[in-house]
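Here is the structure we will look at, set down as structure tokens.
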Amino acid sequence: MSKDKFSDRFRQVVEKIGIKQVDFANSIGIAQSTVSTFLSGKSLMSRSTALLIERIYGISADWLLDGTGHMEIKKNALTEDLEFTRKILKDPELKEIIESLLELKKADRAKLFGVIRGFIGED
């Protein structure tokens with residue numbers, strides 16, 4: 001795998017996803033500095049990281065690593081959960097809300113969910 005070609009493909013991925021580098025890095029569990037080394041061509045990505053990007057963002061690991069096939073996995077191959085995750089990551093307010101919800105205890109989340117249901121009229 002050529003570093004230059006990989007870095008070009010990786011840049012396309014980051015631009016397509018449309019979130020900040022730090023948020024992209026956090027979403028796949030790597031440091032932002034690692035994202036920078038991928039973008040600059042100073043290092044190459046492991047297959048496991050590419051597969052994680054495939055799973056979260058629907059970008060083909062094979063395309064990312066060696067340029068074979070299409071950039072995106074067929075739309076119908078993505079789960080609704082992945083599409084939902086992409087929407088959350090693109091909206092900083094939604095991301096902050098979800099992060100806050102995850103910090104709540106289960107009982108508190110249940111209470112809050114009851115309030116939200118009442119608020120939107122789903123009693």
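For this chain, numbers begin at 1 and follow the sequence in order. Small disclaimer: the values here were computed from a predicted structure and weren't measured.
Scanning both residues, Phe6 and Ser43, for their nearest heavy atoms gives CE2-O, 3.9 Å. Heavy atoms only, all atoms of each residue included: Lys95 and Asp23 are closest at NZ-OD1, 3.1 Å. Across every non-hydrogen atom of Ser27 and Leu89, the tightest pair is CB-CD1, 3.8 Å.
Atom-to-atom distance recorded for Glu72:CD and Lys16:NZ is 3.5 Å, nearest 0.5 angstrom. Put simply, CD1 on Ile56 and CG on Leu52 are 4.0 Å apart, with the number rounded to the nearest 0.5 Å. For the atom pair Leu112 CG and Phe119 CZ, the distance stands at 12.0 Å (nearest 0.5 Å). Summarising the geometry, atom CD belonging to Glu96 is positioned 11.0 Å from atom CG belonging to Leu101; distances are rounded to the nearest 0.5 Å. A distance of 5.0 Å separates CZ in Arg47 from CG in Leu51, rounded to the nearest 0.5 Å. A distance of 8.5 Å separates OG of Ser36 from NZ of Lys42, quoted to the nearest 0.5 Å.
At a threshold of 4.5 Å between side-chain heavy atoms, the hydrophobic network of Ile, Leu, Val, Met, Phe, Trp and Tyr places Ile98 and Ile116 in one connected group. Linking Ile, Leu, Val, Met, Phe, Trp and Tyr whenever their side-chain heavy atoms come within less than 4.5 Å leaves Leu102 and Phe113 in two separate clusters.
Remark: Glu15 does not engage Arg11 in a salt bridge, criterion side-chain N to carboxylate O under 4.0 Å.
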### Query
Could you walk me through whether Tyr57 and Ile28 pass the side-chain contact (heavy atoms from CB on, under 4.5 Å) check?
CA-CA 10 Å; Tyr57 295 106; Ile28 60 171; 4.2 Å; yes
### Task
Evaluate the criterion side-chain contact (heavy atoms from CB on, under 4.5 Å) for residue pair His70 and Trp63; output intermediate values, then yes/no.
CA-CA 6 Å; His70 297 285; Trp63 177 85; 5.9 Å; no
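Between the side chain of Thr34 and the main chain of Ile30, no donor-acceptor pair closer than 3.5 Å is present. With Thr49 contributing its side chain and Met45 its backbone, the two residues share no donor-acceptor pair below 3.5 Å. Glu54 contributes a side-chain N or O that, together with a main-chain N or O of Ala61, makes up a donor-acceptor pair within less than 3.5 Å. Side chain of Asn26 to backbone of Val22: a donor-acceptor contact under 3.5 angstrom is found.
Side-chain atoms of Ser60 and Asp62 form no donor-acceptor pair, as typed in the model, at a separation below 3.5 Å.
Atom CD of Gln12 is surrounded by more than 12 heavy atoms from other residues, nucleotides or ligands within 6.0 Å.
Side-chain contact between Lys5 and Asp66 is absent, with no heavy atoms from C-beta onward closer than 4.5 Å. Contact of the Phe10 side chain with the Val35 side chain is registered, since non-hydrogen atoms from C-beta on lie closer than 4.5 Å.
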